[in-house]
Amino acid sequence: MLSDIRNNAKSIFSQLGYPSTKDEMWKYTNVKKFNDYMSSDSQQLNYQPKDIPILDKSHNIIICNGQLINKDIKISGVSISNYEDILNLSVPAEKFLQISNFNNNGVLAHNTSSFIDAVHIVINENEIIDLPINIINISSNLENNIITFPRVYIHSKRNSKASIYIQNISDSSRCAINSVMEFYCEDLSNLNIFELSDLKNQQIINSISFSQCDNSKINFLSTVFGCEMYRSNIEIGIDGEGCDNNFGVLMLGNTNNHIDYHVNINHNRGNSFNNFNCKSLLKDTSIGIFNGKILVEKESAGTDSRLNNNNLLLSEKAEIQSNPQLEINCEDVKCAHGSTTGNLDKEALFYLRSRGISLNKAKAILIHGFISKLISSFNSDILSLDEKIKKWI
Amino acid sequence: MITFKDLVVDVEGKRIINEFNLKVSSGELHVIMGPNGSGKSTIANTIAGHPRYSIKSGDIVYKKELINELSPEERAAMGIFLSLQYPVSIPGVKNIYFLKAAVNSIRKIKNQDEIDTIDFLKMVRGILPLVGLDESFLHRSVNEGFSGGEKKRNEILQMLVLQPDLSVLDETDSGLDIDALKIIAEGIKNYRNDSRSFIIITHYHRMLDFLDPDYIHILIDGKIKLSGGPELAHKLEEKGYSWVREMQNI
Ligand SMILES: Nc1ncnc2c1ncn2[C@@H]1O[C@H](COP(=O)(O)OP(=O)(O)O)[C@@H](O)[C@H]1O
Ligand SMILES: [Mg+2]
């Protein structure tokens with residue numbers, strides 16, 4: 001069964017390959033070179049233990065170059081397996097490989113056919129997991145022409161609740177990463193997800209797909225401190241009624257970072273609430289791209305969905321492409337989208353300075369004000385996001 | 001306290017202030033009145049060091065120091081305060097955080113330690129009733145969604161917290177109802193003492209009646225055309241600026 005899926009993915013990838021910039025969805029982000037990288041099964045963790053951001057009060061799961069490192073981890077109420085366990089049928093595969101649809105997608109097809117290992121997490125029915133699950137996704141010690149395929153499946157069963165941190169970190173390897181995460185959220189499940197990417201010289205395509213059943217709830221924040229090329233594809237499939245979502249994205253670009261978020265919010269059923277808010281801070285010659293679309297299907301009355309993108313350009317040469325869209329095929333829905341782009345408000349800067357606050361501090365205060373609402377709706381202090389942002393500013 | 005000598009100021013290449021001369025001594029309260037567009041706010045912003053206003057010639061001497069080239073934050077640390085005609089909203093920044101950052105920044109420039117948080121809160125809570133604001137305003141974003149009057153009260157709150165020596169109040173009385181006006185005027189009056197000076201920009205004598213000003217100056221076309229005592233404010237409201245123009249043959 002799994003092998004059938006993977007063989008199918010292989011043939012689809014061999015037909016499609018990676019998209020070109022002629023593809024409207026990939027207009028600003030060139031990933032053609034991903035075709036030329038080679039796969040590796042290295043799991044050399046070239047990290048000092050102190051540099052691995054494990055958290056004290058959490059369950060730490062360490063993935064190196066796509067492979068689960070600490071296999072012995074036990075969490076009450078959660079089952080954690082690697083790919084071998086699933087192949088051995090010691091745990092049911094559930095919807096593993098079925099949430100991310102690779103039929104028309106070379107990127108997903110390549111990961112699906114090529115991953116070496118996978119992390120499979122199931123949060124059991126009615127379980128409330130007190131401590132967060134902290135997934136540390138490390139790229140380490142790789143040659144320039146190598147590509148890795150991290151693959152994570154997270155399944156929250158009926159009426160369960162958990163917090164998940166995902167930290168993508170790297171050494172200075174100039175590798176490529178094609179990462180796929182699948183989330184399957186059953187009825188009444190509640191997930192709090194905080195992804196933080198702090199990468200360097202890598203080219204990464206990070207695909208995250210959600211499939212939601214009735215009354216599931218997701219609170220999600222993705223923060224990226226830019227790297228050479230970061231592309232995130234977020235697919236949200238609202239397949240049940242009564243879902244309640246709050247999604248946030250924060251892009252922080254400097255030097256010549258390239259950060260591209262591509263988001264599809266698909267309301268396949270009605271009566272759900274969704275809020276998606278992307279903010280970017282761009283310095284130097286960095287480039288940000290935000291392309292988002294709310295799609296409300298025919299039978300989705302009662303949908304309330306919002307999509308907003310606000311950008312703050314902190315240098316003359318920084319650039320943003322912003323394109324939020326709506327496609328509504330149903331009556332009786334509430335949808336809104338918007339986009340703003342600007343510089344730091346000169347009058348506000350003067351106001352702060354006239355009260356004795358230095359120019360740099362005044363800038364930091366305004367920048368923080370710009371994003372404070374976005375990050376305050378998430379419990380982000382555990383990964384000391386505030387501190388990281390202060391440093392970045 | 002502050003002396004302006006033949007001050008000439010351009011805004012975006014346009015001459016707004018032309019040979020402005022004024023001397024304000026410690027403890028004095030000076031009022032600047034003048035028609036719209038005569039340059040009152042330009043003077044106010046120039047005193048505070050707004051980067052858009054460029055001094056072409058002349059001097060501003062404050063506490064015996066030439067401050068033409070000083071940054072706004074340096075001037076604030078020296079005790080200059082400007083209550084803006086149109087206070088800016090700062091989304092996402094709490095009023096109390098803004099106040100504390102201001103107090104600590106000024107303390108830092110003066111090589112003083114940061115203020116104790118509890119002492120600070122106590123001080124601010126003590127000042128709130130003086131400007132007629134309740135505590136909820138401390139936890140809202142700076143000026144965001146404030147009414148016109150609330151913004152002006154918030155400016156005076158900042159003045160009372162920062163304790164400046166020279167306060168420049170740019171139309172702080174505009175948009176206030178009579179009760180709010182009394183509260184604000186009372187706050188200013190109580191704050192006034194022999195070592196603190198004020199430059200108050202206004203169109204009305206309403207607030208001045210509470211404040212007992214020392215001098216009234218009429219600014220027209222970027223220049224003081226007439227100076228006098230408090231009675232001048234009443235005369236102006238009666239007769240309008242055309243009266244000054246006629247008198248001065250301009
Ligand atoms: N940013 C600006 N750019 C160009 N002209 C300005 C600017 N700000 C003010 N001015 C001009 O300067 C003159 C004086 O303005 P201002 O000092 O605000 O007058 P007042 O406060 O006395 O009403 C006006 O003619 C106004 O149009
Ligand atoms: Mg004015």
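In what follows, every heavy atom counts, from backbone to side chain, and hydrogens, waters and symmetry copies are set aside. Order of the sequence lines fixes the chain letters, A, B, ..., with proteins taken first and strands second; residue numbering starts at 1 for each chain.
- Most heavy-atom pairs under 4.5 Å with chain A: of the set B:Arg52, B:Arg75, B:Lys94, this distinction falls to B:Arg52.
- Of all the heavy atoms in A:Ser354 and B:Pro72, the pair that sits closest is N-CB, 4.0 Å.
- Proximity to chain A (any heavy atom under 4.5 Å) is restricted, for B:Asn143, to the side chain, taken from C-beta onward.
- If you measure heavy-atom distances from A:Lys373 to chain B, you find no contacts under 4.5 Å at all.
- In this structure, the side chains of B:Val88 and A:Phe350 stay at 4.5 Å or more apart for every pair of heavy atoms.
- Atom CD of B:Glu114 has 12 or fewer heavy atoms from other residues, nucleotides or ligands within 6.0 Å.
- Across all their heavy atoms, B:Gly92 and A:Ser372 have their closest contact at O-OG, 3.0 Å.
- Counting heavy atoms from C-beta outward, B:Val93 and A:Leu352 have side chains that stay 4.5 Å or more apart.
- Other residues, nucleotides and ligands contribute at most 12 non-hydrogen atoms within 6.0 Å of the NZ atom of B:Lys5.
- A donor-acceptor pair is defined here as one N or O able to donate and one able to accept, closer than 3.5 Å; such a pair exists between the side chain of A:Arg355 and the backbone of B:Leu82.
- In this structure, no portion of A:Leu374 lies under 4.5 Å from any heavy atom of chain B.
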Report task. Tell me, with the steps shown, if A:Tyr351 and B:Phe98 meet ring-ring contact (aromatic ring centres under 6.0 Å, His included). Result -> CA-CA 11 Å; A:Tyr351 190 38; B:Phe98 167 54; 5.5 Å; yes
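- Counted within 6.0 Å of CG on B:Asp113, heavy atoms from surrounding residues, nucleotides or ligands total 12 or fewer; the atom is thus considered open.
- Crowding of A:Lys283 atom NZ: a count of heavy atoms from other residues, nucleotides or ligands under 6.0 Å exceeding 12.
- Other residues, nucleotides and ligands place no more than 12 heavy atoms under 6.0 Å from the CG atom of A:Asp56.
- Annotation: B:Lys108, atom NZ; neighbour count of heavy atoms from other residues, nucleotides and ligands within 6.0 Å does not exceed 12.
- Across every non-hydrogen atom of A:Gly356 and B:Ser105, the tightest pair is O-CB, 3.1 Å.
- Residue contact with chain A, scored on non-hydrogen atoms closer than 4.5 Å, is absent for B:Val103.
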